[in-house]
Amino acid sequence: MARRREKRSSATESSERRHNRDESKPRDGEPDSDRRLITIFVVFFIVIPAVSMAVYKVKFADRVIEAEPSIRQKGIIKTDIHFQEILTEHSKASENSSARHYDYPVLAYITPWNSKGYDMAKIYNSKFTHLSPVWYDLKSQGNGLVLEGRHNADKGWIQELRSRGNAMILPRVVLEAVPEELLKKKKLRAKAINLIVTECKEMGFDGIVLESWSRWAAYGVLHDPDMRKMALQFVKQLGDALHDQDMQFMYVIGPPRSETLQMYDFGPDDLQFLKDSVDGFSLMTYDFSNAQNPGPNAPLKWIDLTLKLLLGSSNNVDSSLARKVLLGLNFYGNDFAISGGDGGAITGRDYLALLQKHKPTLHWDKESGEHLFMYRDDKNIKHAVFYPTLMSILLRLENARLWGIGISIWEIGQGLDYFFHLL
């Protein structure tokens, strides 16, 4: 969601952090070097000890049955998935595109650069509670502010969504205005709030999703206690202003970067301060790995540690507050060039092309709860590919249920069609 994610086109986007795998046997003819490389991933890239499969079975045994029967009966939600099963099943339509399998909030992002998301939002409208098209930026302009992005808004699409379901439409607004000016000047803060509220009223939106925390952190303003307080107060004021107009307000937050919260991290005290002014906190629990440290996108243990830092133990959570936290779920993956130290994000279309071309053996990393495969490109450079599967998604959906939280999906134009059957 931050600028690094805005650079993602169909095959160019970025992400960040690690990996490990199962003892699944290599396919006949799989080079020893590939096996050794996968073993290195296991040892080297999983820093945090993960939950064992035995825990998974205890934790999720009575919940996996919630998946749509048609998918479950096909036996394709599993760890030992074959690439051909994905190629065969990924595009098959759901028998019921409107039935929901979870009662928690589901926020889905849609980006202009992956137009498939617009169609998925229409087809599976009833599976979402909130839809957030990535349309707006609030920028500094001279001594004032300007809200850019109305040209992105598709009124015909919005009208069709309204006719198909009840999902609320909350466009994302990225706060790009210079924070030192915006936060210190009362008139500018009031202007920013007025621009956003007015746009929502004129366009008939149900509210907005605001992204600002990561940018404020990048500018360094969150290291200053006074500026940090002003930042939180601005978010609160915006939320209250939207609530006064019977609109909803969601706020994007990043995961803490370590087990010890830093000044720039969004923590439990911030959650408490904003809880009455914010309807949902879109938590970016993805981008754990990057090209310099290849590995899984969102290891389950890391997710649990992040939630524990924000909410405390899963056995003793404030249910009303937890429901406002929306666990980030990636519908994109990563193709890392191991020896070249390069690579980047891939969409479902890219993933299917790789499966078709390389016919790889998929390995289940029980530590992170993700699948991966290895291949060599035309220049003989070794790659590691991490992309969501039905099993990895289901584990995260069930983890959200266990914590009593919702989910936010980045973003639905990048996923495979049958992912939506699980929602």
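With sequence neighbours excluded, the residues forming a side-chain contact (heavy atoms from CB on, under 4.5 Å) with N330 are Y286, N297, A298, Y332, P388, listed by chain and number. Partners of R164 under the side-chain contact (heavy atoms from CB on, under 4.5 Å) rule, at least two apart in sequence or in another chain, are K122, N125, E160. Residues passing the side chain to side chain donor-acceptor pair (under 3.5 Å) test with Q159, sequence neighbours excluded: none. Contacts of K379 classified as side-chain contact (heavy atoms from CB on, under 4.5 Å), with partners at least two apart in sequence or in another chain: D377, I381. For K236, the side-chain contact (heavy atoms from CB on, under 4.5 Å) partners at least two apart in sequence or on another chain are Q233, D240, F273, L274, S277. Residues that satisfy the side chain to side chain donor-acceptor pair (under 3.5 Å) test with E202, not counting sequence neighbours, are R150. Take K201 and apply the side chain to side chain donor-acceptor pair (under 3.5 Å) test, not counting sequence neighbours, and it matches no residue. The side chain to side chain donor-acceptor pair (under 3.5 Å) test applied to Q356 returns no partner, not counting sequence neighbours. Under the salt bridge (Lys or Arg N to Asp or Glu O under 4.0 Å) criterion, D335 pairs with no residue at all, not counting sequence neighbours. Residues meeting the salt bridge (Lys or Arg N to Asp or Glu O under 4.0 Å) test with R323, sequence neighbours left out: none.
Formation of a donor-acceptor pair under 3.5 Å by the R396 side chain with backbone atoms of S392 is found in this model.
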Indicate every side-chain donor-acceptor pair of residues 128-135 with a distance under 3.5 Å to a residue at least two apart or in another chain.
| unit_1 | atom_1 | unit_2 | atom_2 | d |
| --- | --- | --- | --- | --- |
| T129 | OG1 | V106 | N | 2.9 |
| T129 | OG1 | V106 | O | 3.1 |
| H130 | NE2 | Q248 | OE1 | 2.8 |
| S132 | OG | L170 | O | 2.8 |
| S132 | OG | R172 | N | 3.3 |
| W135 | NE1 | Y118 | OH | 3.1 |

Residues 184-194, side-chain donor-acceptor partners within the protein, below 3.5 Å, at least two apart:
| unit_1 | atom_1 | unit_2 | atom_2 | d |
| --- | --- | --- | --- | --- |
| R189 | NH1 | L183 | O | 2.5 |
| N194 | OD1 | T198 | OG1 | 3.4 |

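With I407 as the fixed residue, the side-chain contact (heavy atoms from CB on, under 4.5 Å) test singles out one of V325, I393, N399, L423: L423. Remark: of the listed residues F266, Y219, Y264, F266 is the sole one forming a ring-ring contact (aromatic ring centres under 6.0 Å, His included) with W213.
Counting all heavy atoms, side chain and backbone alike, Y136 lies closest to L147 at CD2-CG, 3.8 Å.
In summary, K116 and D417 engage in a salt bridge, as defined by a charged side-chain N under 4.0 Å from a carboxylate O.
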